[in-house]
Amino acid sequence: MIVIFFFLSYLVVMFQIVGDLFRDSDLSGWIKALWILLLIALPVLTSLVYLVLRGSGMALRQQSRAEQAANSTTDYLRSVTGTSDPAKQILEAKSLLDSGTITEAEFGILKAKALA
């Protein structure tokens, strides 16, 4: 049971390191290849060195990827649902009112929806 635990822990660390290597755009391909070769030749020592040297950068890169994903999801949902800034919605409704497309009552309803 203990051997299985350490083996699974080892695999998780290796996947995290390899994933971080391939997602890091600051490293050149040669440096990435060197890290991979070292991970194959001396896996435990190389993984410890990698975590010591680049561990804080791993956390920052993971955090920025999570923020990027959240922002892109939010932008996509806003584009799909058509919701935007309430002031912009009211301005669009006012332009429709001024052009005679909607009535004053409809403008009031749109304004209430935008402010809700």
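These numbers come from a predicted model, not from an experiment.
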- Please confirm whether the backbone N or O of Thr103 pairs with a side-chain atom of Glu106, one donor and one acceptor, at under 3.5 Å? yes

- Which other residues belong to the hydrophobic cluster containing Leu38, where Ile, Leu, Val, Met, Phe, Trp and Tyr are joined when side-chain heavy atoms lie under 4.5 Å apart, directly or via other members? Leu34

- Message: Once side-chain hydrogen bond (donor to acceptor under 3.5 Å, both in side chains) is applied, do any residues pair with Ser95, and if so which ones, sequence neighbours excluded?
- Response: none

- For Ile40 and Ile36, what are the C-alpha separation, side-chain angles and deciding distance, and is it a side chain to side chain contact (heavy atoms under 4.5 Å, CB included)? CA-CA 6 Å; Ile40 292 170; Ile36 296 295; 4.1 Å; yes

- Message: Contact between Leu48 and Val52 at the side-chain level, heavy atoms closer than 4.5 Å - yes or no?
- Response: no

- Residue pairs passing the salt bridge (charged side-chain N to carboxylate O under 4.0 Å, His left out) test with at least one member in residues 28-48, sequence neighbours excluded, are none

- Message: Would you say Leu8 ends up clustered with Val3 if hydrophobic residues are merged whenever their side chains have heavy atoms under 4.5 Å apart, either directly or through other cluster members?
- Response: no

- With sequence neighbours left out, which residue pairs that include part of residues 6-22 fulfil the side-chain hydrogen bond (donor to acceptor under 3.5 Å, both in side chains) condition? Asp20-Tyr50, Asp20-Arg61

- Message: If the condition is side-chain hydrogen bond (donor to acceptor under 3.5 Å, both in side chains), which residues does Ser56 pass it with, not counting sequence neighbours?
- Response: none

- Query: Does CD1 in Ile4 sit with more than 12 non-hydrogen atoms of other residues, nucleotides or ligands closer than 6.0 Å?
  - Reply: no

- Query: Do the side chains of Val49 and Leu42 get nearer than 4.5 Å, heavy atoms only?
  - Reply: no

- Taking all atoms of both residues into account, what is the closest heavy-atom pair of Leu21 and Leu27, and its distance? CD2-CD1, 3.8 Å

- With clusters built from Ile, Leu, Val, Met, Phe, Trp and Tyr whose side-chain heavy atoms come within less than 4.5 Å, directly or transitively, what are the remaining members of the cluster of Ile109, listed by chain and number? none

- Return the set of residues passing side-chain contact (heavy atoms from CB on, under 4.5 Å) with Leu91 (not counting sequence neighbours), or none when no residue passes. none

- Query: Do any pairs count as a salt bridge (charged side-chain N to carboxylate O under 4.0 Å, His left out) and have a residue in residues 39-52, sequence neighbours left out, and if so which ones?
  - Reply: none

- Task: Carefully, step by step, assess Leu51 and Met58 under the rule side chain to side chain contact (heavy atoms under 4.5 Å, CB included).
- Result: CA-CA 8 Å; Leu51 292 174; Met58 286 176 73; 3.9 Å; yes

- Message: Do Phe107 and Lys111 have side chains that approach each other closer than 4.5 Å (heavy atoms only, starting at C-beta)?
- Response: yes

- Message: Taking side-chain hydrogen bond (donor to acceptor under 3.5 Å, both in side chains) as the definition, give me every residue that meets it alongside Arg23, ordered by chain and number, with sequence neighbours left out.
- Response: none

- Indicate, with yes or no, if Leu60 and Val18 share a hydrophobic cluster defined by side-chain heavy-atom contacts under 4.5 Å among Ile, Leu, Val, Met, Phe, Trp and Tyr. no

- Item | Distance-minimising heavy-atom pair for Met14 and Ser47 | CE-CB, 3.5 Å

- Message: Is there a path of hydrophobic side-chain contacts, each under 4.5 Å between heavy atoms, that joins Leu37 and Leu45?
- Response: no

- Single-linkage hydrophobic cluster, 4.5 Å side-chain cutoff, Trp30 and Trp35 together: no

- Give a yes-or-no answer on whether the side chains of Arg65 and Gln68 include a donor-acceptor pair shorter than 3.5 Å. no

- Message: Can you list everything that forms a side-chain contact (heavy atoms from CB on, under 4.5 Å) with Tyr76? Sequence neighbours excluded, please.
- Response: Ser79, Val80

- Message: Strictly by salt bridge (charged side-chain N to carboxylate O under 4.0 Å, His left out), give each pair with a member in residues 37-46 just once, sequence neighbours left out.
- Response: none

- So how far is it from Leu110 CG to Leu96 CG, rounded to the nearest 0.5 Å? 7.5 Å

- Message: Quick check against the 3.5 Å criterion: does Ser72 have a side-chain atom that pairs as donor or acceptor with the backbone of Ala69?
- Response: yes

- List in chain and number order the residues that pass salt bridge (charged side-chain N to carboxylate O under 4.0 Å, His left out) with Asp98, two or more places apart in sequence or in another chain; answer none if no residue qualifies. Lys94

- Task: Taking all non-hydrogen atoms of both residues into account, name the closest pair between Ala114 and Pro86 and its distance.
- Result: O-CB, 3.4 Å

- Query: Do Phe7 and Val44 share a hydrophobic cluster, counting only Ile, Leu, Val, Met, Phe, Trp and Tyr and linking them when any side-chain heavy atoms are less than 4.5 Å apart?
  - Reply: no

